[in-house]
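This report refers to the structure that appears directly beneath it.
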Amino acid sequence: MIELNRRHFLKGAGASGATCALASMLPGSLAALEKSPLKGVASEVASICEMCSTRCPIKARIVDGKNVFITGNKEAKSFGGKVCARGGAGHSLLYDPQRIVNPLKRVGERGAGEWAEISWADAYKEIATKMNQIKQQYGAETIAFSSKSGSLSGHIFHLAEAFGSPNTFTHASTCPGSYVVAAKAIFGTKMKRDLSNAKYIINFGHNLYEGINMSETRGLMQAQMDRGAKLVVFEPRFSIVADKADEWHAIRPGTDVAVALALCHVLINDNLYDHDFIEKYVFGFDEFAAEVQKYTPEWAETISDVSATAIRRIAHEYASHAPHAVVDFGHRSTFTPEEFDMRRALYAANILIGNIERKGGIYMGQKAPGYNKFAGEKVAPTLAKPGVKGMPKPTAIRIDQVEKQYAMMWSNGGIYQTILDATLDAKPYQLKAWVMSRTNPMQTLTDRAKVEQSLKKLDLVVSCDLYISETAAYADYILPESTYLERDEEIQDKSGKNPAYYVRQRVVETIGNTRPSWQIFKELGHALGLEQFYPWDNIQTLQLMQLNRDHSLLEHIKIRGYVSYGKPLMLREPEMVTEFVKAYPNAKSVDADGTYASSMSFKTPSGKIELTSPKIESMAPGRGVIKHRDVQLKQADELYFIQGKVAVHTNGATHNIPMLANLMSKNAIWIHPITAGRLDIHSGDAIRLTSSVGREEGTALVTPGIRQDTVFAYMGFGSKNKELVRATGKGIHCGNLLPNVIAPICGMNLHTTGVKLVKI
Ligand SMILES: Nc1nc2c(c(=O)[nH]1)N[C@H]1C(S)=C(S)[C@@H](COP(=O)(O)OP(=O)(O)OC[C@H]3O[C@@H](n4cnc5c(=O)[nH]c(N)nc54)[C@H](O)[C@@H]3O)O[C@H]1N2
Ligand SMILES: Nc1nc2c(c(=O)[nH]1)N[C@H]1C(S)=C(S)[C@@H](COP(=O)(O)OP(=O)(O)OC[C@H]3O[C@@H](n4cnc5c(=O)[nH]c(N)nc54)[C@H](O)[C@@H]3O)O[C@H]1N2
Ligand code: SF4
Ligand SMILES: [Mo]
């Protein structure tokens, strides 16, 4: 048994070469393996990146038996055969001597950093005993399960279901929740944006040149460089996308909804909207049009600081490029408590110009079942869902669905931050345990102090991670997952305008004693006595169940890594529909205008696009119509505090990965020269930010690229966990400054708050 305590740590951290010194003391560390040769399973393997949750298709090969070289998989054209800087740094994670490679059990106080190695068998047994005890005494629902969504979340949530808890959560309410819930309310489904074909793009704080999604980032680049698209950016700071835009408007944080509604006002009042489209496909236009009468550009200017003249001109320019123009609905959608109506207003600006299912607009996407129906033949294989009979139906309500207004947030998404209320205040009932995987709420939920209190209060905390993350540091058991380069996973649907699948495959043999999460949660399921819910032995049997036992199809997908089927299809794009019909003789017959417009189906109560929603009105009276409401994000004597992604790090995940930590280990606070001048602050000065919930000290970066009333930090830095030595205490910890918020309808958390700034 090896123990690591804080004294050991501090001794190591003080010396030069501290990380190695620490690594060799860390139980389960990779120190001994640092120089051992890598054994590859093939010369080049197609797989999927997991350096962020964009999960780009990659090809990886082993170089000289000791390194992995990663590029994009050229089969996936929209990704351009490229990876970003983080994607290229996968080997640095794989080889990091500070990764955990043995299960760990806490031996000191929670969070004290005292660990002992434990065998997998013992870890499963002890965790299962405790979980079953809690289930018997308090009910299965008192255990919450959380994971970043994706291939891994399926396994932990399958366990939650088999165990009988309804309380499953992803990062939904901290990231995409509001634009997804808003799309569900309006279209009945999620929407995609066709940036690469757009001729005019309006962007409200979607910094695709740093918040990278290889396909969308390339799409935006293509639109700008190959098609000469005009890009208009509304951003409180001069982001990289703002820097590459034709226009940057330094909008007041959280006021996007006012500008979006004013754009709609101009589109309607200046008769720039697509009457025919509205007439045929839209429900509730009249109520919306009546509501936006008051949202003039002049009114929006007083709220947002964006000039009324600019709003009018932009609305006209945008409409003149219709339908090949788009208002990007964003990605991290946590700017205002009125997120639901902000994102609905952004969709409304798209609907008004009739860009739905048109090139350069927004569209629903084509998965195999629907696509095959249009084609009148089986163009693409469909994925089977390996169903398991007799899964228990939980009787308890979810902790986040106490109010009807939140019913549109999908389960397996959920309002993540309600775990804190249920743990600390028994709202709506007392949570007793938290089992999590691939999530770091200490960094990525708000109000770090409250997260810490919650983790300290629970009877059982289990974390499955690659590192002793800031959150895992408070766990009772840490289950080390193999990195994405060491594991196989099930087939994933990657359909866009046509059906596509891809698969993650192991590139190197597992280093150390780690396991993939499908195995970890299956084995834990067995230890819990839930074997009957696991009709697959291993990942291959699971893959074959997905593919209806088609071995050759599995082989085909594995060799290519990414396979797409058929021709791209957007239902109202005449050229695409013509090509589609030519290719498939039994294809569904087209409308008189040569499109499939009349076949668009929206899973809303009216079957139409709902600009106004009676369903939302019944869930939350007064909210059926899209409206502007005043919000107060800060006090008069405070500055807005906002955040964003940086190109070389991912959320709260990569700050301890050697190569990326070397590239950037700190986040300075962006401050406008006038604001800085008032406080006698210069670049490099030490400063303090104080909010309603916390206080952080860091370094100033004085720059005109930000509003005078706003400060900005790249997120994910300033870990307070002593084990993440390359990241600990470096920079400002954003989550420590943000209070907990639950926005109406979509349940979003909020990443903007007020702070006081002083020089120290
Ligand atoms: N203040 C503030 N908070 C934010 C944001 C912000 O801008 N500001 N952004 C929000 C956004 S957009 C998002 S998506 C969330 C993301 O927040 P989270 O869902 O917490 O995700 P990450 O920080 O990306 O990664 C979480 C953990 O996954 C671990 N991990 C990485 N790869 C693997 C793996 O293969 N297996 C396992 N088991 N673990 C792995 C990492 O070590 C890390 O500890 O944060 C949100 N929180
Ligand atoms: N390199 C890198 N790429 C990533 C990630 C990463 O961590 N690193 N994470 C991935 C994930 S999980 C996501 S969700 C996406 C996120 O991609 P984005 O949504 O682009 O992410 P952010 O940088 O968090 O936020 C975008 C911008 O919003 C601005 N902003 C803040 N408040 C407001 C406001 O009130 N109004 C307006 N208009 N703008 C505002 C910020 O200054 C920031 O530049 O990126 C993905 N790609
Ligand atoms: S955007 Fe970069 S880090 Fe994220 S999955 Fe793609 S290549 Fe990997
Ligand atoms: Mo995100």
Side-chain angles (χ1 to χ4, degrees), residues 50-54 84-86 93 99 146-152 156 170-176 203-214 216-217 233-242 249 251-256 259 304 328 330-336 342 416 436-446 463-472 479-487 514 516-517 520 633 640-657 670 706 710 712-716 724 733-738 749-752:
E50 184 80 29
M51 294 296 278
C52 86
S53 47
T54 302
C84 76
R86 298 162 299 150
L93 162 68
R99 239 178 82 198
S146 73
S147 169
K148 183 140 208 183
S149 62
S151 54
L152 311 90
I156 182 170
T170 68
H171 66 299
S173 67
T174 71
C175 173
N203 177 306
F204 286 88
H206 187 191
N207 188 22
L208 268 168
Y209 293 148
E210 284 203 281
I212 297 166
N213 168 321
M214 286 306 287
E216 291 189 340
T217 299
V233 170
F234 297 99
E235 249 278 5
R237 66 164 186 126
F238 197 51
S239 70
I240 307 282
V241 159
H249 300 271
I251 192 170
R252 179 188 293 273
T255 64
D256 308 69
V259 175
S304 65
D328 188 334
H331 192 166
R332 174 173 62 90
S333 52
T334 51
F335 297 166
T336 159
M342 169 182 166
Y416 201 2
M436 66 185 99
S437 179
R438 211 215 174 294
T439 176
N440 187 12
M442 210 58 135
Q443 271 283 351
T444 56
L445 268 188
T446 48
S463 171
C464 169
D465 205 297
L466 308 174
Y467 282 99
I468 306 182
S469 73
E470 206 177 344
T471 311
L479 305 176
E481 170 141 45
S482 313
T483 66
Y484 66 101
L485 294 169
E486 300 161 296
R487 62 185 197 245
T514 63
S517 59
I520 296 173
L633 289 171
Y640 294 101
F641 173 54
I642 62 167
Q643 298 107 67
K645 315 291 179 203
V646 67
V648 298
H649 278 294
T650 299
N651 299 332
T654 56
H655 301 71
N656 205 55
I657 295 175
W670 295 29
I706 185 147
T710 304
F712 168 86
Y714 285 121
M715 66 140 332
L724 288 180
H733 189 297
C734 299
N736 196 37
L737 291 169
L738 299 168
N749 208 343
L750 182 58
H751 295 144
T752 303

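Whatever order the structure lists ligands and atoms in, that order sets their numbers, starting from 1. Starting from 1, each residue takes its place in the sequence as its number.
Of the heavy atoms in Ala653, both backbone and side-chain atoms come closer than 4.0 Å to ligand 1. When heavy-atom distances to ligand 2 are checked against a 4.0 Å cut-off, Asn651 comes that close through both its backbone and its side chain. For Val646, every heavy-atom contact with ligand 2 shorter than 4.0 Å involves the backbone, none the side chain. At a 4.0 Å heavy-atom cut-off, ligand 2 does not touch Met715 at all. At a heavy-atom cutoff of 4.0 Å, ligand 1 is contacted by no atom of Thr170, backbone or side chain. Here Met342 has no heavy atoms under 4.0 Å from ligand 2, in either its backbone or its side chain.
By the 4.0 Å heavy-atom criterion, Cys464 is counted among the residues contacting ligand 1. Under a 4.0 Å heavy-atom criterion, Leu738 is in contact with ligand 1. The closest approach between any non-hydrogen atom of Met51 and ligand 1 is not below 4.0 Å.
For atom 18 (P) of ligand 2, the nearest non-hydrogen atom from the set His206, Gln643, Arg237 belongs to His206. For atom 42 (O) of ligand 1, the nearest non-hydrogen atom from the set Thr444, Asp465, Leu466 comes from Asp465. Here the shortest heavy-atom distance to atom 27 (C) of ligand 2, taken over Glu235, His171, Lys645, belongs to Glu235.
Separation of atoms NZ (Lys148) and NE2 (His171) is listed at 4.5 Å; rounding is to 0.5 Å. To the nearest 0.5 angstrom, Ser469 atom OG is 4.0 Å from Asn440 atom CG. Separation of atoms CG (Asn207) and CD1 (Ile240) is listed at 6.5 Å; rounding is to 0.5 Å.
Taking only nitrogen or oxygen atoms, main chain and side chain alike, Asp256 reaches within less than 3.5 Å of ligand 2. Below 3.5 Å of separation, one finds an N or O of Glu481 facing an N or O of ligand 1. Below 3.5 Å of separation, one finds an N or O of Glu210 facing an N or O of ligand 2. At least one N/O-N/O distance between Gly254 and ligand 2 falls below 3.5 Å. Among the atoms of Ile212, some N or O lies under 3.5 angstrom from an N or O of ligand 2. Between Thr255 and ligand 2, a contact under 3.5 Å exists for no N or O pair. Annotation: Arg438 places an N or O atom under 3.5 Å from an N or O atom of ligand 1; distance criterion only. Note: an N/O pair closer than 3.5 Å links Arg487 and ligand 1 by distance alone. Considering both main-chain and side-chain atoms, Gly205 comes within under 3.5 Å of ligand 2 through a nitrogen or oxygen pair. Between Thr54 and ligand 2, no pair of N/O atoms sits closer than 3.5 Å. Residue-to-ligand polar distances keep Pro236 apart from ligand 2: every N/O pair is separated by 3.5 Å or more. Between Tyr484 and ligand 1, no pair of N/O atoms sits closer than 3.5 Å.
Between Ile657 and Arg86 there is no side-chain heavy-atom pair separated by less than 4.5 Å. Looking only at side-chain heavy atoms (C-beta outward), Glu481 and Leu152 come within less than 4.5 Å of each other. Side-chain contact between Ile251 and Val259 is present, with heavy atoms from C-beta onward closer than 4.5 Å. The shortest side-chain heavy-atom distance between Leu750 and Leu633 falls under the 4.5 Å cut-off.
Thr174 O, 3.2 Å is the protein heavy atom nearest to atom 10 (C) of ligand 1. Atom 15 (C) of ligand 2 has as its closest protein heavy atom His331 ND1, 3.4 Å. Regarding atom 23 (O) of ligand 1, its nearest protein heavy-atom neighbour is Gly652 N, 2.9 Å. For atom 3 (N) of ligand 1, the nearest protein heavy atom (residue, atom name, distance) is His751 NE2, 3.3 Å. Of the protein's heavy atoms, Asn207 N, 2.7 Å lies nearest to atom 20 (O) of ligand 2.
The backbone N or O of Ile642 lies less than 3.5 Å from no partner atom in the side chain of Thr752, so there is not a single donor-acceptor pair. Counting only distance, with no hydrogens or angles, the side chain of Thr217 and the backbone of Tyr209 share no donor-acceptor pair below 3.5 Å. Remark: side-chain polar atoms of Gln443 are not paired, donor with acceptor, to backbone N or O of Gly652 under 3.5 angstrom. With Asn651 contributing its side chain and Ala653 its backbone, the two residues share no donor-acceptor pair below 3.5 Å. For Arg237 (side chain) and Trp670 (main-chain N/O), no donor-acceptor pair under 3.5 Å exists by modelled atom type. A donor-acceptor contact shorter than 3.5 Å is absent between the side chain of Ser517 and the backbone of Ile520. Between the Ser146 side chain and the Ser437 main chain, no donor and acceptor come within less than 3.5 Å of each other.
Distances below 4.0 Å separate heavy atoms of Lys148 from the following atoms of ligand 2: 12 (S). Residue contact check: Ile642 has heavy atoms under 4.0 Å from atoms 31 (C), 32 (N), 42 (O) of ligand 2. Close approach to Phe204 involves these atoms of ligand 2, each under 4.0 Å from a residue heavy atom: 38 (N). Distances below 4.0 Å separate heavy atoms of His649 from the following atoms of ligand 2: 1 (N), 2 (C), 6 (C), 7 (O), 8 (N). Taking every heavy atom of Cys175 and a limit of under 4.0 angstrom, the matching atoms of ligand 2 come to 14 (S). Close approach of ligand 2 to Phe712 (heavy-atom distance below 4.0 Å) involves ligand atoms 42 (O).
Partner Tyr416 forms a side-chain hydrogen bond (donor to acceptor under 3.5 Å, both in side chains) with one of Thr174, Thr439, Thr170 and no other, that one being Thr439.
The aromatic rings of His331 and His206 stand perpendicular to each other, their planes meeting at an angle above 60°, with 30° marking the opposite boundary.
A salt bridge between Arg252 and Glu235 is absent, with no side-chain N of the basic residue lying under 4.0 Å from a carboxylate O of the acidic one.
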